[in-house]
Every structure is written in C-alpha cells, then in structure tokens.
Number of protein chains: 2
Amino acid sequence: MSDNAAAKGGPVVDYAHMHPKQIRQRFRDGLVETGTGKALGYVQAGLAILPRDFATDFLLFCHRNPKPCSVLEVTDPGDPILSYCAPGADVRTDLPKYRVYVDGEIADEPTDIARYWRPDLVAFVMAGALTWEYALLAAGIPIRHLEKGVAHPIYVTNIQCSPAGRLRGRLVTGMLPIPARLVARAVQISSRFPRAHGAPVHIGAPEYLGIADLQRPDYGDVPNIQPGDVPVFWATTVTALAIARDAKPPLMIVHAPNYVFIADMKSEELATG
Amino acid sequence: MSDNAAAKGGPVVDYAHMHPKQIRQRFRDGLVETGTGKALGYVQAGLAILPRDFATDFLLFCHRNPKPCSVLEVTDPGDPILSYCAPGADVRTDLPKYRVYVDGEIADEPTDIARYWRPDLVAFVMAGALTWEYALLAAGIPIRHLEKGVAHPIYVTNIQCSPAGRLRGRLVTGMLPIPARLVARAVQISSRFPRAHGAPVHIGAPEYLGIADLQRPDYGDVPNIQPGDVPVFWATTVTALAIARDAKPPLMIVHAPNYVFIADMKSEELATG
C-alpha cells in the first residue's frame, strides 16, 4: 500500500525501519496492512483473546505445547493494555485486522474490537516466525513465498499436541522450502529463538509428518518449491488458534491471518546466545 | 575385541570409560582396534603426516577449508611429540594402525611408524565427527551404520574446495541417515562443535550435491537408510587426506581408516556455548 501511495504521488512510507509504536498508531488510525516487511527486527506476534473460563485451558495448553505456542504475554482478565512486550499497547485497537469467532464460527472481521470487549476477556500474545524471518533473509536464505508474493503454506500434521482441558488436536506447521545447502543455517538461526518456535520440528520426508501432498496445504498458498529445495517445517501459533476454535468457545478473537501484532520488543531480545 | 576377550574367559575391558592415555598405552603395546566406542566424550582425530615441503600447502589448504579440515594441532618439523591436544603423545606409536603412501600409492599399513620418521616430517591432528557422535547418541539420535556394525558411508561431492598450492579437489562428506523429526536436533548438536566439522553442509536432495546414487558411496559401506530418514551430510577430514594423496607427495602417513587418534581433550572443550 505504501507502493500504491507512491504510485499515486503520495509519500513513500518506510515501514521497514519505522518503530512499532508508530506503526501501531497508524493501525489505530485506520491503516489495514499485514506485518510483512514492517518494523524489521522487531517481534511479530499472534493474538488470541478468550473468556476467562477458556483462558485457563488455553494457558495450560500453551504451557504443555511450547513449540507452537510461545506465549510472550497474558493480560489480566478485562485489562486490554499490554505491559511487557509493548507497554501501553491496546489489544483492542492496535492490530490492523481481527477475526471474531462466536461458538467456533467466524462472525466478524473488524479493524478494532472495542465493541466486543468484556471484563472477562484475557489476551494472549504469542511470538511468531516472522520474528526471525529478517534473520533468514540476512543470511541469504530465500523465503520462497515472499518471492512469489503469496502466503506461507501451512499444514496440519499427524503429531498430537498434549491436551489441556477442552483443548486437544494436532500440531500445525508452517513450511519453508529451503535449498539443501542452507537448511543447516536455517536450523541454526531459528534455534536462537526458542521463544518463537525455535528449531524446525521436521525436515524432509513430509509423508512421515502425515502430509500426503505438499501441493495442498491446509492454510495459505500452494508452495513455491524450487529444484534442490528441501521442505522444512516449523510449529506455528495457528496450532493454538485452530485447536481453541475447534473447542467452540462462546467468543474468541484472534488476529486476522497475517495481520499480526507488532511488539516493541526487538527480536534479538528473544534470542539465545 | 574386548568382547572376544570375555568370550575367551579373559578380562572385560571397559574402553568406553577408559582415559585416552591408557588406551594409547594399549595401542603402543600392540592393541589394534578402531576408535569407535572408546573413551566416550573425548576428541577423536584424524592424522596426516607430510614432509615440510608439502606441509605448507597442507596447512594453507586446511586454513582455507575449515569445515572439512579442523586442525587441532600441528607439530614442529621432526618433532613427533604432541603438546596441545594430548601432551606427550607420540604420533609415531600412539595410533592403532597407520597407512603409508609413497608417491600417492599405498606402500604399507604398519602399527607404528618409527622406521618412517624423518626430521622433515610435520604431523597434523584434525578433529573428526566421532568427537560428537556420543552427543548424538545421548540425544536419542540413531547412528544407522553403528546399528548395522558397518562403516560410515562417505561421498565425494560437487563442491570444489578452495585450492592451496598443489592441493585442489572436491569436498568429501560423511553421511548419516537421520529421522526427519531429529534432523534439526542433529544440526544443533553438531553446530556446537565448529572445530569438528560443525553443522552439516547439506541436508536432503543428494543429487544437488553431485551424488547420483546414495547406494554407491565412494568410501565406507552402503548406507542403512530407514523409512522416514533424511540423508544429512557433514564435511569430513577424508577431504584433506584424499586431496593430499592425489597431489602425490613423496611420503605421506595417515591413520588407517577408522583407526583414529584419541586425544586427551574432552569433546566439550571444543564446544561452543
């Protein structure tokens, strides 16, 4: 959209190097864009908001399944203001787009959720793989879906997550096709971010992960696999969102796919070593 | 052989937990066994001995190709005694078996090389992958060739090493078939040992490494690949030995395959983090 603005003679906005606070202000002011290419080097995170009753199960589920569900922050019931990963940010307004589920069905896709807020809601902020995508690119590792301008292919696997209360289901993974000579480097880089999914859960042999056909992802777009690429699978926060939705809570609000939260925390703050 | 001793009613020798000094003493006393399963957690290393004239090229080659050629120690010309990785060890006697090349051809396979020693010889000790094999096993990663009791399959790749003087040629890799779910862990573990080959150079897609048929390794035995295993390739010191041999030095002495040197240095001393 910044390119569009330039094409229309408007100002070019350098979102890549803008501080997350300023980008969140633009989201509050009505900008509706995804997190890709914005605030490079800052943590990007998924959001899940649930009634307190379901929040207990959700927190326990995340605790038992830390690879897909890297919880950065949990708010107190009824408090929409974050204090750790982006102090002062308001989860009701500071994302570009939300998805509202009622009884497990999509009910709305608003750009703020003030009218849905209730005193029993608890918000979970979960670090995503976009947190370290910049580090892969810096190491010369191609991101094939970015090259094509399409969405990250996402697959449900045959790995059962550890259940928690009403929440049970299978691990969901995002896949990056990576040249065979760069796979080890991608493992090293993502391993530095154990609080953002960390190392891949599976490399190569997708049929042994329960994936019959790479060309038919469960979410996202058909993968762009180049000759010599190996499919590398990382756990994704989609796991928690899909499993919570399947439990049909009376109300659940999440970020709209790819319209994630941008935190004030630098990615390197989450890195080991 | 310790099992044989037991079968014959002799004492069982616990080589796995014996100190390298004691094992080297046994090698000096005539024991001829490979390093596998001995002095677990200590550095195991390849040996190359060359005349000073070739040693310069060799050292430069290793410097330019650190992934295959992780040099732990280089002796002064004519001095057969190590001072760093196993102080006091004598490279002429402390390995179980050697291979002597004259003008690039195998001339002898003795159990000590005292009679070949000359004042212009320089010895190189190069850490090998056996240094961290115990760490893979400790993490529950199967070593498929050990399960079959066969040799590690080794392949010449299409990757050209950086040349140095008369030494030029292609990278040689050792391959471990690893279950797809454990590949990332194997990368993490070997990454901790950058002075012993470090991370894999290639994962999956062997045809893009110039390997037409995994069933026909250039050295070692046919691989034991189980369903769901992915071939993972690490640089090996065989690279340096094969390339030096191809340059046909008047004399070159190396460890006989698998009959490596066991240093006093603990593997963890070589590890990062």
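Order of the sequence lines fixes the chain letters, A, B, ..., with proteins taken first and strands second; residue numbering starts at 1 for each chain. Just so it is clear, the values below take in all heavy atoms, side chains as well, and ignore hydrogens, waters and symmetry mates. A quick note: this is a predicted structure, and the numbers were derived from the prediction, not measured.
Contact record, P227(A) with Y208(B): CB-OH, 3.0 Å, taken as the closest heavy-atom pair. Contact between A184(B) and P200(A) at its shortest, heavy atoms only, is CB-O, 3.4 Å. Across all their heavy atoms, R181(A) and L209(B) have their closest contact at NH2-CA, 4.0 Å. Contact record, V187(A) with Q188(B): CG1-CG, 4.3 Å, taken as the closest heavy-atom pair. Taking every heavy atom of both residues into account, A205(A) and A180(B) meet most closely at CB-CB, 4.0 Å.
A side-chain contact (heavy atoms from CB on, under 4.5 Å) with V183(B) is found for exactly one of V232(A), V183(A), I203(A), namely I203(A).
In this structure, H19(A) places its NE2 atom where more than 12 heavy-atom neighbours from other residues, nucleotides or ligands lie under 6.0 Å away.
The part of I159(A) that comes within reach of chain B is its side chain, from C-beta onward, which places non-hydrogen atoms under 4.5 angstrom from that chain. V230(B) touches chain A through its side chain: at least one heavy atom from C-beta onward sits under 4.5 Å away, while N, CA, C and O do not.
Counting heavy-atom pairs under 4.5 Å between each of A199(A), G228(A), G198(A), G204(A) and chain B puts G228(A) at the top.
By the salt bridge (Lys or Arg N to Asp or Glu O under 4.0 Å) test, D264(B) pairs with K21(B), R24(B), sequence neighbours left out.
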